[in-house]
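Below is one structure; the comments refer to it alone.
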Amino acid sequence: MDLFSEIEEPEREELKRLRRELEEANYQYYVLNMPTLSDRDFDFKMHRLQELEAQFPDMYDPKSPTQHVGSDLGKKGFETVKHKYPMLSLANSYSREEIEDWVRKLPANVEIVCELKFDGLSISLWYENGTLVRALTRGDGVQGDDVIDNIKTITSIPRHVVGTPSSFEMRGEVLLPWERFEALNKEREEQEEPLFANPRNAASGTLKLQDPKEVARRGLDAYLYYMLGEDLPGTTHYERLLTAKQWGFHISDAIKVCHNVDEVMAYIAYWDTERKNLPVATDGIVLKVNNLAQQEELGYTAKTPRWAIAYKFPAEKQLTLLKEITYQVGRTGVVTPVANLEPVQLSGTIVQRATLHNEDFIRSLDIRPGDRVWVEKGGEIIPKITGREERSISVPCASLARTLEDEEYTFPTVCPECGAKLVRVEGEAAWRCPNEAGCPPQIKGKIEHFVSRKAMNIDGLGEETIDLLYQKGLLHNIADIYDLQLGDIAAQERLGEKSAQNMLAGIEASKQVPWARVLFALGIRMVGETTAKKIARVYNTIDSLRQANAEQLCAVEDVGPQIAENIVRYFEDSRNLEIIARLRQAGLQFEGEASPFRGNEGVLAGQSIVISGTFSHHSRDEYKELIEAHGGKNVGSVSKKTSFILAGENMGPEKLKKAEALGIRLMTEDDFLEMIK
Ligand code: IVH
């Protein structure tokens with residue numbers, strides 16, 4: 001190795017590391033809806049990678065994250081379709097200087113349309129002869145998933161339009177309004193489901209659900225901002241948006257034509273404040289060249305148009321004192337550290353608590369009480385601690401009367417609620433309290449979960465009442481609910497006869513709650529609402545579920561080894577069996593309706609089946625159910641593991657090509673129905 005390559009070596013390593021990091025960040029963001037990097041950090045790393053790639057052209061790789069946009073493909077159950085026009089991203093800018101740099105490269109006296117940059121996920125809507133026929137996610141920019149059934153739940157997106165060209169495309173952003181986002185997270189908190197970090201992740205997770213009814217319930221909205229196609233009216237982008245508005249599309253009123261950078265900056269300053277009053281999340285401004293002929297002339301880079309750029313609002317950030325770390329015990333025993341902060345004003349709200357997630361998170365930031373920490377609230381509505389101020393060694397920490405020097409953070413070894421020794425399962429980040437039956441927040445949390453709306457839906461038995469009845473020794477587990485007597489409840493100070501009667505009526509009504517929800521209500525670890533439904537469809541009695549082993553359970557869609565083991569363990573615990581026996585005695589539903597397709601169960605066991613095209617006897621969702629009811633798995637994309645393709649009319653050309661290349665069998669719907677008959 002010569003001297004030069006030795007000097008270059010660390011930079012080449014950095015280049016490779018950045019590619020890996022950005023690839024992973026794209027996957028976390030687009031596929032899992034769990035961002036790990038802030039947008040700003042992502043952009044900085046991307047810039048650095050671009051710099052390094054320019055320095056080392058021999059390391060060119062068409063698969064580098066600099067060469068393609070992130071991909072949200074990979075969710076099951078949607079047809080993947082090629083975009084007519086690639087769906088590109090936008091270059092970002094963060095300052096007046098960067099905007100000036102961009103404007104300098106445009107024709108003189110150019111008109112610039114300023115728009116809000118909506119913080120959701122982009123959607124491409126195809127209209128043919130006035131009817132909405134496809135709704136594609138961005139996917140990898142070249143092809144996207146068709147989520148039309150979910151898009152049709154958005155009332156502000158017209159399904160039919162009149163007076164339009166016969167074929168055109170509208171692009172825009174799907175969003176979950178703040179109000180809906182907060183309600184959804186509140187619900188998820190009650191159910192101990194992971195919270196969405198921001199409305200964008202919530203919208204993205206919602207649009208990829210397989211159940212349009214649930215999508216409709218969550219209440220998505222959309223703003224449209226771009227029209228594409230041949231022979232469209234107008235010579236400017238602005239005119240086209242006004243036309244789209246007349247056709248009935250939801251176009252923001254905030255669009256404005258600007259003539260110079262001063263006007264653009266005034267628009268930015270106005271909306272950086274005013275956006276806090278909008279019903280939906282925005283994270284910046286988009287600047288677009290107004291004249292369409294000029295747009296065409298400017299053209300595109302591999303990933304972004306040259307005729308548009310985004311300006312990102314700075315994330316709000318504050319330094320404050322970390323006064324204390326307290327620990328919260330959830331219903332499943334997970335101990336979560338919480339930062340208690342000196343109250344600080346951030347994006348219009350006062351922040352005084354923030355989750356610290358787990359021990360590893362605290363260690364990675366190297367923070368402890370007495371530190372001054374950075375609290376951020378950008379696109380993430382939930383405040384995050386992102387770092388700490390440099391410690392001034394040997395200066396005593398005023399509030400703690402000690403120095404912070406060399407003091408290592410240690411996670412508690414015993415449960416702050418019941419004193420049991422905490423355990424950390426290998427491979428998991430969380431410490432847990434194993435004292436399920438004796439730890440008060442776990443006992444109360446399980447009861448709260450059991451009575452919650454999506455589980456047994458027992459009115460009149462809220463958090464406070466559960467706490468009261470627990471304190472009085474009347475409630476120790478979920479089965480005790482069905483032993484409650486009118487006199488016992490009415491005798492409590494805060495309750496009285498009327499509320500006791502309401503509560504008992506709610507308890508009585510819960511005996512009709514169907515098996516799938518009872519299963520969810522039992523609170524088996526990681527068995528959420530949807531998983532419980534899927535399990536109950538295959539195991540339609542609690543006895544058949546109890547007898548299943550882990551391997552058999554893994555055949556159910558969404559059930560992996562971890563969930564299967566949790567179920568098996570649950571039934572191995574004699575205390576749980578005792579509770580189930582009492583609930584059964586009380587009259588709860590431990591049996592579901594037999595699946596209409598049962599009797600021939602298992603013909604598709606172990607098979608992975610792709611559904612493609614349109615069908616005449618059943619809908620795609622019904623075929624999906626049929627596949628699952630017969631033990632098969634419905635998968636989204638064709639691979640060598642695919643057993644066969646259930647092929648309808650107009651099967652997607654990409655899938656067809658891949659199936660031919662891999663020699664995968666196509667089955668008609670008649671043959672399929674015959675097979676499972
Ligand atoms: S125009 C070819 N306009 O921002 C340009 N995009 O970071 C197409 N976005 O992928 C995009 N508000 O999802 C445009 N008013 C707006 C927008 C907007 C939000 C999103 C869009 C895009 C992303 C790029």
Side-chain angles (χ1 to χ4, degrees), residues 25-26 29-30 33 35 37-40 42-43 46 65 68-72 83-94 98 102 112-125 135-142 144 147 151 169-176 198-201 203-204 207 220-229 236-238 240-242 244-245 249-258 264 267-268 271 275 278 280-290 292 294-296 298-313 378-379:
N26 268 334
Y29 181 104
Y30 287 106
N33 297 320
L37 281 183
S38 71
D39 288 359
R40 190 169 273 253
F42 183 90
D43 286 342
M46 186 64 90
H68 63 88
V69 294
S71 165
D72 67 1
H83 292 297
K84 285 188 192 152
Y85 308 92
M87 264 180 114
L88 300 177
S89 181
L90 291 171
N92 284 329
S93 65
Y94 294 94
E98 286 177 274
W102 175 69
I112 295 167
V113 180
C114 287
E115 296 172 19
L116 293 173
K117 185 170 184 319
F118 296 105
D119 197 11
L121 63 150
S122 38
I123 193 79
S124 153
L125 307 173
L136 304 182
T137 63
R138 181 165 78 162
D140 59 7
V142 177
V147 289
I151 285 296
E169 189 179 333
M170 281 303 296
R171 290 198 182 160
E173 203 81 351
V174 173
L175 303 140
L176 194 65
N198 53 41
R200 180 192 57 226
N201 296 330
S204 170
L207 205 55
L220 293 169
D221 199 355
Y223 281 91
L224 287 313
Y225 45 64
Y226 188 29
M227 190 195 293
L228 293 104
T236 65
H237 173 67
Y238 189 75
R240 282 203 180 156
L241 290 187
L242 294 188
K245 194 171 189 166
F249 287 100
H250 196 196
I251 310 287
S252 162
D253 287 328
I255 47 174
K256 183 170 194 280
V257 181
C258 292
V264 170
Y267 180 92
I268 290 175
W271 281 108
R275 73 194 182 103
L278 293 173
V280 292
T282 53
D283 61 341
I285 299 294
V286 181
L287 315 177
K288 297 175 185 169
V289 167
N290 193 20
L292 298 172
Q294 285 179 338
Q295 280 192 4
E296 209 173 302
L298 286 158
Y300 300 84
T301 71
K303 287 198 336 176
T304 59
R306 290 197 187 84
W307 49 262
I309 191 169
Y311 167 86
K312 292 293 222 37
F313 293 126

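Numbering of ligands and ligand atoms starts at 1, following listing order. Source: prediction; values computed, not measured.
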Nearest non-hydrogen partners of Val174 and Ala203, listed with the distance: O-CB, 4.0 Å
Contacts of type side-chain contact (heavy atoms from CB on, under 4.5 Å), residue Leu88, not counting sequence neighbours: Pro86, Tyr300, Pro305
Neighbour list for ligand 1 [protein residues, heavy atom under 4.0 Å]: Leu88, Leu90, Glu115, Leu116, Lys117, Phe118, Ser122, Arg138, Glu173, Tyr225, Val286, Lys288, Pro305
Residues, nucleotides or ligands: over 12 heavy atoms within 6.0 Å of Glu98 CD: yes
Smallest separation among heavy atoms of Gly144 and His83, with atom names: N-NE2, 3.6 Å
Closest non-hydrogen atom pair, Ala254 against Trp271: CB-CZ2, 3.4 Å
Nearest non-hydrogen partners of Ile151 and Ala135, listed with the distance: CG1-CB, 3.5 Å
